[in-house]
Each structure stands twice: as structure tokens, then as C-alpha cells.
Number of protein chains: 2
Amino acid sequence: MARAAGVSQASVSLVLGGKWRGRVSARTAETVREAAQQLGYRPNLAARSLRTGSARTAMLVVPALTGDFFAQVHAGAARVAGEHDFGVVLYPSPEGIGRAPDPFDSARAALDGVIASSMAAEALSSLQDGGLPLVMLDSEPSDPMASAVVNPDIADGMRRVAAHLLDLGHRRVAHLAADVPSWTFRLRARALHEALGNFPGAELVATRGAALSVQDGQRAADELLALRPVPTAVVCDDDVLAAGVCKAARRAGLSVPGDLSVTGFDDLPLATALEPELTTVRLPAQEVGAAGMRALLAVLDGQRPATTTLPVALAPRASTGPAPH
Amino acid sequence: MARAAGVSQASVSLVLGGKWRGRVSARTAETVREAAQQLGYRPNLAARSLRTGSARTAMLVVPALTGDFFAQVHAGAARVAGEHDFGVVLYPSPEGIGRAPDPFDSARAALDGVIASSMAAEALSSLQDGGLPLVMLDSEPSDPMASAVVNPDIADGMRRVAAHLLDLGHRRVAHLAADVPSWTFRLRARALHEALGNFPGAELVATRGAALSVQDGQRAADELLALRPVPTAVVCDDDVLAAGVCKAARRAGLSVPGDLSVTGFDDLPLATALEPELTTVRLPAQEVGAAGMRALLAVLDGQRPATTTLPVALAPRASTGPAPH
DNA sequence: CTGAAAGCGCTTACAG
DNA sequence: CTGAAAGCGCTTACAG
């Protein structure tokens, strides 16, 4: 490339790196850019990374590719990364939120840092070996492994769900919990218990756990709907689970929301694909990703960013209605 | 690392690279491995890649992270990659199937090849500049850009849908097409037209296009259901669209499948989240990803792999039934 | 303003 | 069997 332009390697690097002002003449800079254009020249990333010791790349670890949530998180992170000439590499953990085998082997880009969303804390231990800065999303804020944490306000979301149902007159509420040992679901359970516990006359009549699938949700819902008296509302940790409850209700001959109110969480596309549409909690997924990337850049910059909490919103829709008497 | 083990750099490289047999003594090899363990030593990927000229990394370009299909494709590709000490880096094209801006800037890992799934052909032009081998998945088989193509048997899937409906006595069928200019959807449309056209008495009464969302599908379905006489079945290019039809049907007071049969395509988790569950076509997504990775490895190995077609299966469920008379 | 040179950490001939 | 050396393609002091 340098020979093609008839200039030194240094000039090429300076010009293409945008650091030429005051070090290379405008004329030379122009020559370089033309030649680069001509040749379709792309700097070798491996060489640059070896020389600078940085790959300008972050890895985003997510438990699953399914669902819109992580897609949004990635979109947000990628946007911010792009603004800082950074790249984002996605690593879907093969084990779900469980232990990530070895991201460094599988997505082997040279990395400057890791952003992990909604993973179980223990799952990230292999990441620690890398000695890379770790930003956690939707995760335990006091985790000592994390250089920074960015969370949607999960507890507030669940409180809003509870308030919404209490407003509608529901007093016998069941909880369909995600059987997943992560911070986000533990918090959802706790916030619901507290909100209901603090309201005189309201009762959390039962809790069932289920894996994050419609089928498991449906199976657990069957048990909940067999209770007597039947709860008037089922709060689900997740929209997928709520879909299972809706199926179970229909098969049990219960109408939603006439006989039973159902709430989801996350506002996945699924929430509006169902009929009736799900009342759920919308998480600012894009913003979570973007804030996570910003936090990582700050850490890389030597700063010590604080924990960030992002507001969530209740999306009241057709799956909730007044409690039957 | 070499100094720590008290051996030469070369020995370390040989041992850790598994190429030491007959070149390094067993004793030295053991020493190296112990030291590496102790130090938590990880070879610098940038240096290796610079030296060898290969990053042992493939990029998988997908139009969206939403939905299980691409997650499965990735899982398959990552599995095969891992077996060959390769990594896979995911690149969700920000523009959907449209033009991918510049993957090399955004997911900047040094790459040996690209696998692109379900993208519009033109969308990949910026990839071509990279001069990297390109394997296309779920794409036009005769595309000159592709070094290899791996396709699920889309046409056969659509033929099975048509046969299923014809078996059930449906003769007035409507098509809800995905408004997406990619090979996979063009082929779905063509196969359906042909299958219906070849069957005496059957008629494709109408076709509507819609973007790949429940809302757009529902809107287009409203038009289809306003036709007189009403079609007895709606064939959808995709499960998401089928969800929209089911919503529209319920709102129009039509029962599925009593008054109207609905079919999807892809067998997303959504298909069984709905009530009734969708009759749809299951694509071997994992196998598509795995075969794609194998094809890329073959190309990298100097071979010229043929186009691969993978069988699909009809998943008959509750959204289709006998045609009303 | 410009170019020659060092060096990032590997792998792979090559000489001992 | 072992080690010294070259070189991958960059970036960044450094000398002219």
C-alpha cells in the first residue's frame, strides 16, 4: 500500500488513522486516500491489534438469541460502540444463563471487554480468567466481579403490575415464576411478594416455577388453575410463561380476562401476537445495551462508573380486567 | 511465558499447538503445559492471526436476532466450528435483510469467511469487497457471489402445506406473503402458486403482502377476510404473519379452524404459543447452520462444495381443519 | 513535513 | 531434541 502510493508506511497509517493534521501535508494525505480507495485497502486488524494491544472490540454474552429482548440490547450496544469506533461481537451462551464454557475459544476475536446480560453470576467465572473488564446487564448490582452494572428497574416494573391488578380489584393472585436462577427473576419474585404483602386483604395464593417455555408454563398453569378457590389473576415472570397460562386457561374453559387476568413481563413481540394481547412490562432493552456499552468504554477509560438503573413502563392491554366476584 | 518455563518460545508454540510429537521431548512438553496452567497463559490471538494469516473465525450474517430460526442456525454453525477449532461471530444486519452497512467495521474480528443467512442478494455487496469466501444459507442457489449455498427445501415445504389443505377439502385459498425481497419468500410464493395451479378446481383467490410483524399481518388479513366469498384457508409465508391472521379471524368472529384454516412457516416457538397451535413447516435450522459451516471449511480447504438441500417437515397442528362448505 | 526503524507476540523454517 | 531468528502488518516514537 505504501509503495503503491509512493509514500512511507507511517504516512499511510497517520492519514488513514485521522492523525495526520500537522504531521503530513495535505497533498500527501490526498494521495494516500486516493491510493487506498483504488486498492480497496483495508488495514489488517490483527496487526493493528497486536501493535496497539487493543482490538476495540467488546463481547456481548447473552443467554439466548430467542426473543426480542437481547436483539434490542445488542442493537443498543452496537450503536454506541459504532459511535466510538468499537465493534461488538455477540456470544450466545450455549448453556442458556448457565456456565459459559469458554467464550474466548468460541468467539475468538481479541477482546477488550465483556458485557453480559441476564446471566447467572456463577456462569461468568470463566470470563474472569480473561482478566477483562466485565459490565453486567440486568444482573445483581453488588456483584464484585462486575466493573459496572446496568439494570432496568425490574422491581418497579413488578410493583406496577401488582398495583395494576390491585386497582382492578384482584385479591387472590398466583405467581408463575421462571425457574431460572438469575438475579432478574429472583427480584421479580421478591418485588411481587412485597407488593402483595403490603396490601391489606391481598394474598399471594400460590407460586409455581416453570422453565421458560410455553409448554412448561402451560403445565404449571394447569396446577394453578386447579386450585380452589381459583386465583383471579396470574402474574408471570415472563411473556412466554404468560402465553402458557393463556393456553391453559382457554383449555380449562376460562376466559381471559373475564375469568382470569394474566400478566407477562418483558413485552416481547409475542405479547401482542396473542389474543387477547398481554398486559406486560416494557423494558428499555436498547437503552440497557447502550448504557452497558457506555459503561464499558468508561471503564476502559479508567473511570469507575456507577450502577445505572433505567425506568420501565407498564403496558396495560387486554389480558387484564376487573376481578370477577 | 517461555522464560517462565525455562524453554524457548518455539517449544511453547509447538506444545500448545499440539504439534510437538517428535519435535519436543515429553519432559519439556510437560513443563510447558504446567507453566501455562500456572500462569493462566492464553496465546495472543492477534499475533497468531497476524503470523498465520488466518483468524480461524467465520462471521455469520443474519437479518435479525428475533425468532428461534437464526438462533438455531447459529447454534449449528457454532457446533461445527468448534469441532474444527473455529470461532463464529454473529453479525445481525442492522437493516434486516437489506444492505449490510459494513460488517467489517462493526464486528471487526479478523475473518476468514462469511456465512449469510436469508439475506437479500444485493445486501451482501459490501461483503464482496472483503474478498472473503461467502457461503449463503436459505438463499438463491445460482447466486454467483456465493462459494456455496445451503438451503432447506422451501419449495417442498410449501408443496406439503398446499397438499395438506387440498386434502382437507380447501379450494379457495388466499396467500399472505411476506413483503421481503429475498429468495426464500419468492420461492414460497412460487411454490404455492404452482401447487394450487396444478390442482383442478383449486384456486388462489388472493394474495396480500405484509411486513414481517403480527400487526402488519393482521392488517393484511383484514382485507383477505373481507373478500366474498371468504377464502376457507390462508397460507402464510411465516408464523408471525399467521399469528396476525389468527388475531384478525378472531376479531372478525371467525373460528380457527372451524371457519378458516391458517398455516404458518418456520415453526417458531410462537407457533405453539398460540391457541390453536399453528400448522406450519419445520425447517432444519440447526442443520442449515452446521452444513453452512462445513461448506465454508470446505471452501477454505480449496474444495468446491455443491449446493446442499436439506429436507423439511410439515407440522400439522390445530389451526387447520376440514374446509367448511 | 517525511521516512527508517523498532517492536507488538506469535509460528515456522532453519541451524546446531 | 532445542533454540535463535525471521517475519506477519501495523503504529509510534525518533532522527533527519
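Every chain is numbered from 1 and lettered A, B, ... according to where its sequence line falls, protein lines coming before strand lines.
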Going by the rule side-chain hydrogen bond (donor to acceptor under 3.5 Å, both in side chains), which residues pair with [X] if we only count those two or more places apart in sequence or in a different chain?
| X | value |
| --- | --- |
| B:Thr184 | B:Asp138, B:Arg188 |
| B:Gln303 | B:Asp301 |
| A:Glu287 | none |

Tell me the interatomic distance from [X], atom [atom1], to [N], atom [atom2], rounded to whole angstroms.
| X | N | atom1 | atom2 | answer |
| --- | --- | --- | --- | --- |
| B:Asn44 | D:dC8 | CG | P | 18 Å |
| A:Arg48 | D:dG9 | CZ | C1' | 11 Å |
| A:Leu45 | C:dC10 | CG | P | 18 Å |
| A:Leu50 | D:dC8 | CG | C1' | 9 Å |
| A:Leu16 | D:dC10 | CG | P | 10 Å |

| query | Has the side chain of B:Ser13 got a donor or acceptor atom that lies under 3.5 Å from a matching backbone atom of B:Ser11? | reply |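 Between the backbone of B:Ser11 and the side chain of B:Ser13 there is no qualifying donor-acceptor contact (under 3.5 Å).
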| A:Asn151 side chain to A:Asp153 main-chain N or O, any donor-acceptor pair under 3.5 Å? |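 Here the side-chain-to-backbone pair does not exist.
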| query | Taking C-beta and beyond as the side chain, do A:Phe69 and A:Val62 meet within less than 4.5 Å on heavy atoms? | reply |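 Heavy-atom side-chain distance check fails, nothing below 4.5 Å.
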| said: Can you confirm whether B:Phe86 sits close enough to B:Leu300 that some side-chain heavy atom of one is under 4.5 Å from a side-chain heavy atom of the other? | reply: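 Yes. Closest side-chain heavy atoms under 4.5 Å.
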| request: Give a yes or no on this: more than 12 heavy atoms of other residues, nucleotides or ligands lie within 6.0 Å of atom CZ of B:Arg79. | output: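 Result for CZ/B:Arg79: enclosed.
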| task | Side chain of A:Ser25 only, please: which of C:dG9, D:dC1, C:dT2 is the nearest? | result |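 Side chain of A:Ser25 sits closest to C:dT2.
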| said: Defining pairs by Watson-Crick or G-U wobble geometry with both distances under 3.5 Å, how would you list the stems of DNA chain C with at least three pairs each? | reply: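 DNA chain C stems, ordered by first number: C:1-3 with D:14-16, C:5-12 with D:5-12, C:14-16 with D:1-3.
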| request: Classify the nucleic acid contact of A:Ser49 as base, sugar-phosphate or nothing, counting any heavy atom under 4.0 Å across all strands shown. | output: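 Since no nucleic acid heavy atom lies under 4.0 Å of A:Ser49, the category is nothing.
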Identify every side-chain donor-acceptor pair in residues 21-28 of chain A under 3.5 Å, counting partners at least two apart or on other chains, and give the distances.
| from | atom 1 | to | atom 2 | distance (Å) |
| --- | --- | --- | --- | --- |
| A:Ser25 | OG | A:Thr28 | N | 3.2 |
| A:Ser25 | OG | A:Thr28 | OG1 | 2.8 |

Extract from the structure each pairing of a protein N or O with an N or O of nucleotides 12-16 of chain D at less than 3.5 Å, listing the distance.
| from | atom 1 | to | atom 2 | distance (Å) |
| --- | --- | --- | --- | --- |
| D:dT12 | OP2 | A:Lys19 | NZ | 3.1 |

| task | Answer yes or no: does a side-chain N or O of B:Tyr41 lie under 4.0 Å from OP1 or OP2 of C:dG9? | result |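 So the side-chain polar atoms of B:Tyr41 never come under 4.0 Å of the phosphate oxygens OP1 or OP2 of C:dG9.
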